[in-house]
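Here's the structure, in structure tokens; my notes come after.
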Amino acid sequence: MGSSVPTDFRPRMLINGELVEASDKKTFPLYNPATREKVADVPAVPEATEADTNAAVAAAKAAFPAWSALDPAKRGTYLKKLADLLRQHHDELAHLEASSMGRPVDMYFETFAAAGNYDHYAESWPHIQGQASVNTPGHVTMTLRQPYGVVAAIIPWNVPILFFSNKTAPALIAGNTVVLKSSEKAPLTSARVAELIVEAGFPPGVFNVISGHGLPSGSVLSSHMDVRALSFTGSGRTGRLIQEQAAKSNLKKVILELGGKTPALVFSDANMDKAVEQTTHSIQWNSGQVCMANSRIYVQKSAASAFIEAFKARFAKVKAGNPLEKGIDHGPQADEVQYNSVMAFIEEGKKSGTLALGGKGNLESMNGYFVEPTVFLDTPEDARIMKQEVFGPVVLINTFETEAEAIQKANDTEYGLYAAVYTKDISRAMRVAQALESGYVGVNCTSPATARDLPFGGYKLSGQGREGWLHSLDNFLETKSIIIQLDSDDAAAKL
Ligand code: NAD
């Protein structure tokens with residue numbers, strides 16, 4: 001495996017098969033959130049202009065006819081090559097993610113997950129199928145599944161290469177061409193993968209990767225008349241803007257994977273050791289910067305004090321430090337904006353609830369955006385910290401007496417991405433799972449437990465549409481109905 005970033009690596013964009021800088025040469029700097037210093041081994045990142053974004057869409061549009069006409073098995077060979085390259089470059093990509101958004105290298109798995117996505121979709125083309133019937137007398141009917149054309153993907157910074165792959169792989173195998181915009185907070189791995197796309201030999205224009213902020217490039221993609229479908233993962237605020245721009249332009253199809261406020265319900269009959277271990281991991285992993293992290297935990301009153309003591313003991317054990325070093329499992333928040341936002345929530349939380357663990361930012365002592373694992377108890381259900389996404393290692397633990405109360409509290413949110421229930425009573429587990437307003441429910445497990453062949457997506461404000469190995473192809477395929485009228489025997493005889 002390639003162990004270090006090539007010394008000549010400089011982030012560039014991939015437009016029409018060429019690795020390029022921004023046309024006006026504009027760049028933006030990146031700071032390592034663990035040290036607050038400029039990312040040393042990588043120069044600044046290109047900021048795509050409106051013209052660059054338009055050029056990427058134009059390239060994708062021009063490449064579409066040939067790519068969509070290609071034997072899908074041949075399309076799959078490019079995806080497979082990219083999968084191999086991702087695996088080979090795991091260490092290097094881990095290093096780049098650690099430097100730009102603080103992910104500990106020891107916790108980095110996305111290259112393998114991304115490679116799995118490209119491998120899976122490379123073989124998935126036989127599922128691109130329509131239906132046929134003779135249910136309409138005198139006719140044969142059929143449907144065809146066909147690509148949209150140019151698909152845009154806009155991804156966040158928290159798990160970039162996972163989203164990079166789970167949007168582009170199904171879009172490409174379905175015959176679409178793609179323009180992906182990386183996040184301004186974590187653009188390095190996407191820029192390196194752009195080089196690997198070139199190495200994999202994709203035809204020019206099929207797979208374009210640009211870097212930059214929401215304005216201008218993200219916004220240009222959302223309102224572009226030639227982008228026919230857009231898959232977005234990120235905040236609800238941006239999701240709404242994208243939806244608005246899609247509506248005002250060409251009503252492009254929009255898939256939205258947005259935020260969450262996952263509740264974990266722990267009944268007193270649950271396996272407590274498991275519940276403690278898993279709920280701690282859920283909120284701690286990636287320093288709490290995970291859409292489905294269980295940021296609210298409701299414990300049945302009779303079990304609450306034992307659960308809380310065990311949870312605090314486990315949560316306090318994290319090893320914070322330089323994410324590039326081995327043995328570190330708790331990195332900094334991704335940047336100053338994230339750090340300040342998490343700290344503001346913590347300060348508010350101290351006024352509304354009872355601080356039971358942590359509560360401090362270690363910016364001064366560690367000179368990076370580190371936040372201590374933090375636990376609040378007895379926070380009022382209507383407090384802002386209960387309602388909004390904190391996106392940090394901060395958990396709110398409250399109690400309940402009855403099943404009905406637990407369900408009511410869990411559902412009292414505009415979010416509905418993931419929910420968890422711990423109990424040994426299977427009937428209760430299924431009653432609760434049915435009642436939870438959530439796109440995903442873990443029974444005796446919590447996020448990030450997911451299955452690749454289950455649909456992933458949110459109820460309510462957490463999004464629209466679903467992604468997953470059996471579902472994402474549908475996001476990138478139109479359905480065409482064809483009705484064929486048959487001549488009758490008499491008509492045929494006259495010919
Ligand atoms: P964000 O919305 O700030 O940014 C996401 C992307 O949108 C970035 O690439 C950004 O440049 C782009 N963007 C910003 N403004 C835009 C605009 N006007 N038009 C088009 N694009 C624009 O989100 P973030 O801070 O990067 O990510 C964190 C959020 O993502 C959290 O809310 C988290 O819950 C959510 N998230 C959801 C899932 C999921 O699967 N549901 C997964 C991970 C993260």
Side-chain angles (χ1 to χ4, degrees), residues 109-121 124 127 151-174 178 180 183 229-236 238-239 242-243 253-264 278-279 281-283 285-286 288-296 389 391 410-411 413-421 432-434 436-477:
F109 67 93
E110 284 99 300
T111 35
F112 301 115
N117 279 332
Y118 287 111
D119 272 343
H120 165 75
Y121 285 106
S124 73
H127 297 285
V151 164
I154 301 182
I155 59 172
W157 49 266
N158 61 338
V159 203
I161 293 307
L162 200 61
F163 300 125
F164 189 115
S165 61
N166 72 10
K167 295 182 187 306
T168 61
L172 287 165
I173 198 68
V178 168
L180 175 133
S183 162
L230 189 155
S231 179
F232 171 75
T233 297
S235 64
T238 307
I242 288 175
Q243 186 73 294
K253 177 174 183 175
V254 176
I255 300 116
L256 300 174
E257 294 285 351
L258 308 176
K261 195 76 186 169
T262 291
Q278 294 183 347
T279 53
H281 174 67
S282 176
I283 189 65
W285 184 75
N286 210 13
Q289 303 170 124
V290 180
C291 52
M292 55 180 161
N294 54 218
S295 49
R296 297 181 295 149
E389 215 181 8
F391 232 52
N411 286 342
T413 168
E414 275 307 306
Y415 289 113
L417 190 60
Y418 196 111
V421 51
V432 173
Q434 259 188 71
L436 287 168
E437 296 163 359
S438 176
Y440 224 104
V441 177
V443 174
N444 292 323
C445 60
T446 183
S447 72
T450 44
R452 284 170 296 190
D453 60 348
L454 275 179
F456 185 88
Y459 277 30
K460 305 196 279 191
L461 256 191
S462 287
Q464 61 187 34
R466 294 292 181 271
E467 293 183 325
W469 277 7
L470 296 181
H471 304 272
S472 291
L473 273 179
D474 283 342
N475 290 335
F476 303 114
L477 288 166

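- Applying the salt bridge (charged side-chain N to carboxylate O under 4.0 Å, His left out) test to Lys167 and every residue at least two apart in sequence or in another chain returns Glu467.
- Not counting sequence neighbours, Tyr118 has no partner by the ring-ring contact (aromatic ring centres under 6.0 Å, His included) test.
- Looking at residues two or more places apart in sequence or on another chain, you find a side-chain hydrogen bond (donor to acceptor under 3.5 Å, both in side chains) between Gln278 and Tyr422.
- Contact check for Phe164 versus Leu180: side-chain heavy atoms found under the 4.5 Å cut-off.
- Residues passing the salt bridge (charged side-chain N to carboxylate O under 4.0 Å, His left out) test with Asp474, sequence neighbours excluded: Arg145.
- Tyr121 has its side chain within reach of Ser472: a pair of non-hydrogen atoms, C-beta onward, lies under 4.5 Å apart.
- Applying the side-chain contact (heavy atoms from CB on, under 4.5 Å) criterion to Leu258, with sequence neighbours excluded, gives Phe232, Leu256.
- The stretch residues 438-459 participates, sequence neighbours left out, in no salt bridge (Lys or Arg N to Asp or Glu O under 4.0 Å) pair at all.
- For the pair Pro448/His281, a side-chain contact is recorded, criterion being any heavy-atom separation below 4.5 Å from C-beta on.
- For Phe163, there are no ring-ring contact (aromatic ring centres under 6.0 Å, His included) partners at least two apart in sequence or on another chain.
- The two residues Pro156 and Thr233 have their closest heavy-atom pair at CD-O, 3.1 Å.
- For Ser447, the side-chain hydrogen bond (donor to acceptor under 3.5 Å, both in side chains) partners two or more places apart in sequence, or in a different chain, are Ser282.
- Residues Ile283 and Ala293 come closest through the heavy atom pair CD1-CB, 4.0 Å.
- With sequence neighbours excluded, the residues that form a salt bridge (charged side-chain N to carboxylate O under 4.0 Å, His left out) with Glu110 are Arg103.
- Between Ala264 and Thr279 the shortest heavy-atom distance is CB-CG2, 4.0 Å.
- Judged as a side-chain hydrogen bond (donor to acceptor under 3.5 Å, both in side chains), and not counting sequence neighbours, Asn475 has no contacts.
- Summarising the geometry of Gly259 relative to Ser462, their closest heavy-atom pair is O-OG, 2.6 Å, with the distance given to 0.1 Å.
- A pairwise comparison of heavy atoms in Leu436 and Ala419 identifies CD1-CB, 3.7 Å as the closest pair.
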Kindly indicate, with the supporting measurements, whether the criterion side chain to side chain contact (heavy atoms under 4.5 Å, CB included) is fulfilled by Ile173 and Phe476.
-> CA-CA 9 Å; Ile173 198 68; Phe476 303 114; over 6 Å; no

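- Residues passing the ring-ring contact (aromatic ring centres under 6.0 Å, His included) test with Tyr440, sequence neighbours excluded: Tyr418, Phe456.
- With sequence neighbours excluded, the residues satisfying side-chain hydrogen bond (donor to acceptor under 3.5 Å, both in side chains) with Asn117 are Ser165, Trp469.
- A side-chain contact (heavy atoms from CB on, under 4.5 Å) with Thr262 is found for exactly one of Met292, Arg296, Glu389, namely Met292.
- Contact between Thr413 and Ala410 at its shortest, heavy atoms only, is CG2-O, 3.4 Å.
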